[in-house]
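So the structure is just underneath, and the comments pick up after that.
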Amino acid sequence: MKVMMRRNSAGVLSAYVPKKDLEEPVVAQEKPGLWGGTVTLGNGWVLSLPEMAETTTLPITVEAKKLAED
């Protein structure tokens, strides 16, 4: 699914899923560098993000895979 990763002015990382019109904060991430691991959103969804360079700037739309949800 297409997911836009962005950081707001307060520095909070969030994910926006346009197809669901859903924006949730990232509450946990597997890797400190974000890319190539999983992130857990505020609603319980776990998304797998693609491998990308650490210097990738936000906002960016990526193809993520939904692994689980509460």
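Predicted model only: the values in this text are computed from it and were never measured. Note that the numbering runs from 1 along the sequence shown for the chain.
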Shared hydrophobic cluster for [X] and [Y] (ILVMFWY, side-chain gaps under 4.5 Å):
X	Y	result
V27	L34	no
L22	L58	yes
I60	L13	yes

Quiz item: Is V46 isolated, or which residues cluster with it under the ILVMFWY side-chain rule of less than 4.5 Å, directly or via members?
Solution: L67
Quiz item: Rest of the hydrophobic cluster containing M4 (Ile/Leu/Val/Met/Phe/Trp/Tyr, side-chain heavy atoms under 4.5 Å)?
Solution: Y16
Quiz prompt | Least distance between heavy atoms, E54 atom then G33 atom | solution = OE1-CA, 3.2 Å
Would you say [X] and [Y] make side-chain contact, with heavy atoms under 4.5 Å?
X	Y	value
M5	L49	yes
Q29	W35	no
L41	L47	yes
V3	T61	no
V12	R7	no

Quiz item: What pairs with A53 under side chain to side chain contact (heavy atoms under 4.5 Å, CB included), at least two apart in sequence or on another chain?
Solution: T55, T56
Practice problem: Taking side chain to side chain contact (heavy atoms under 4.5 Å, CB included) as the test, write out the residues that go with K31, two or more places apart. | Solution: E51
Quick one: salt bridge (Lys or Arg N to Asp or Glu O under 4.0 Å) partners of [X], sequence neighbours excluded?
X	value
K20	none
E23	R6
E63	K2

Quiz prompt | Under the side-chain hydrogen bond (donor to acceptor under 3.5 Å, both in side chains) test, residues paired with K66 that sit two or more places apart | solution = E69
Quiz prompt | Results of side-chain hydrogen bond (donor to acceptor under 3.5 Å, both in side chains) for S48 - residues two or more places apart only | solution = none
Quiz item: Donor-acceptor pair, E30 side chain versus G37 backbone, under 3.5 Å?
Solution: no
Quiz prompt | Reported OG1-to-CD distance for the pair T40 and E24, which is rounded to 0.5 angstrom | solution = 12.0 Å
